[in-house]
2 protein chains.
Amino acid sequence: MEQNILKTAELKTTQKRRLLLLLLQKQQRPTTAEELYEKVNPLVAINLSTVYRNLNTLTEKGILSRSISQDGKAYYSLLSQGHGHRLFCTSCNDIISIDSCPLGELQEKLEKETGYRILDHSLEFKGLCPKCLSKMDK
Amino acid sequence: MEQNILKTAELKTTQKRRLLLLLLQKQQRPTTAEELYEKVNPLVAINLSTVYRNLNTLTEKGILSRSISQDGKAYYSLLSQGHGHRLFCTSCNDIISIDSCPLGELQEKLEKETGYRILDHSLEFKGLCPKCLSKMDK
DNA sequence: TTACATGCAAATACTTTGCATATAA
DNA sequence: TTATATGCAAAGTATTTGCATGTAA
């Protein structure tokens with residue numbers, strides 16, 4: 001499975017790459033290099049540079065998408081999981097994925113108004129998750 | 001003008017703060033600390049730390065808004081200029097402001113679906129500006 | 001006069017890079 | 001066998017912080 005992805009991208013199938021892809025697949029939300037490092041390391045010793053290098057390679061190959069969040073960190077997710085955005089809690093840092101994306105129309109309108117050719121966008125919501133909200137009531 | 005803003009925020013009116021606010025007002029787009037530093041410095045010697053410290057203070061006071069861009073840098077703009085987003089050219093780094101924001105409805109829908117209380121969002125478009133597009137044709 | 005603002009240097013956080021070694025194909 | 005992957009240490013970039021000094025009110 002991960003093997004096919006890597007073969008198609010003409011990348012060597014290493015255990016660490018497979019693990020990274022596996023974890024990104026399991027993960028139902030965009031993930032940072034640090035988080036992946038913490039999860040891979042107990043299973044197979046890996047260097048943080050290796051994590052970053054692989055995330056970059058996979059992003060260049062179009063397998064992952066990278067998005068810089070308002071916390072200044074890069075979040076990665078499998079591109080096969082489709083176009084999506086983030087909603088995160090400013091209190092506990094919980095992150096969930098948003099699947100819907102209503103920006104197509106706006107994007108067309110903007111292209112007409114500005115003359116730009118728009119190639120990508122990023123969208124992120126922040127607020128308080130239900131758990132943190134209920135804690136605040138008490 | 002800048003003086004009033006600062007007085008209201010209970011901040012001392014220094015020449016550097018006035019200049020920073022003045023430049024942000026002139027600037028019709030979100031601006032980085034580095035850019036402001038380059039513009040203030042020829043007029044009045046200023047330290048980059050001072051720029052950062054003031055941008056932070058003004059953001060905390062609700063006078064500026066800070067938004068982290070996909071280039072990993074923080075962009076600041078006067079909040080009085082209203083809620084807006086960025087569109088930037090990946091080729092020449094030109095940045096323009098987008099005034100319309102169609103996310104209110106989506107935000108409400110998301111709050112219902114997720115139980116989150118959404119407090120803020122960030123949206124950024126990237127692509128190629130008209131100038132860079134025409135260069136590519138040649 | 002005094003609390004706040006600034007400069008300077010050092011520290012921090014995230015990410016990248018150079019080089020030697022290891023390993024998939 | 002050979003091009004690619006990895007580890008390790010060092011460097012890079014954006015930003016923050018501690019401390020001494022300067023300055024608006």
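Numbered from 1 within each chain, the chains take letters A, B, ... in sequence-line order. These values consider heavy atoms only, across backbone and side chains, with no hydrogens, waters or symmetry-generated copies.
- By the criterion of side-chain heavy atoms lying less than 4.5 angstrom apart, applied directly or through intervening Ile, Leu, Val, Met, Phe, Trp or Tyr residues, L123(B) is not grouped with Y75(A); the two fall into different hydrophobic clusters.
- Considering only side-chain N and O atoms, T50(B) lies nowhere under 4.0 angstrom from the phosphate OP1 or OP2 of dA5(C).
- Remark: nothing in residues 32-43 of chain A comes within less than 4.0 Å of DNA chain D through any heavy atom.
- Put simply, Y52(A) has no side-chain N or O that comes within less than 4.0 Å of OP1 or OP2 on dT16(C).
- For an aromatic pair to be called close, the ring centres must be under 6.0 Å apart, and H121(A) with H85(B) fails this.
- Under the 4.5 Å side-chain contact rule for hydrophobic residues, L58(A) and L24(A) share a cluster.
- For K61(B), the NZ atom is densely surrounded, since the number of other residues' heavy atoms within 6.0 Å is greater than 12.
- A close approach under 4.0 Å does occur between a side-chain nitrogen or oxygen of N56(A) and OP1 or OP2 of dT16(C).
- Contact between the side-chain N/O atoms of N47(A) and the OP1/OP2 oxygens of dT6(D) is not found at any separation under 4.0 Å.
- Note on the helix from dT1(C)-dA25(D) to dA25(C)-dT1(D): terminal axis deviation equals 30°, with five pairs used at each end and the result rounded to 10°.
- Close to dT15(D), at under 4.0 Å from its OP1 or OP2, lies no side-chain N or O of K73(B).
- When distances run from any side-chain atom of R17(A) to the nucleotides dC14(C), dT6(D), dA5(D), the shortest one goes to dA5(D).
- In the interface, the side chain of S49(A) is paired with the base of dA9(D) through a donor and an acceptor atom under 3.5 Å apart.
- Side-chain contact annotation: E60(B) with T57(B), donor-acceptor N/O pair under 3.5 Å absent.
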Any protein N or O atoms within reach of nucleotides 19-24 of chain D? Criterion: under 3.5 Å, listing atom names and distances.
from: dA24(D); atom 1: N3; to: K12(B); atom 2: NZ; distance (Å): 3.3

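- Both L11(B) and L48(B) sit near DNA chain D, but only L48(B) has its closest nucleotide nearer the 5' end.
- Look at K16(B) and you'll find a side-chain N or O under 4.0 angstrom from OP1 or OP2 of dG7(C).
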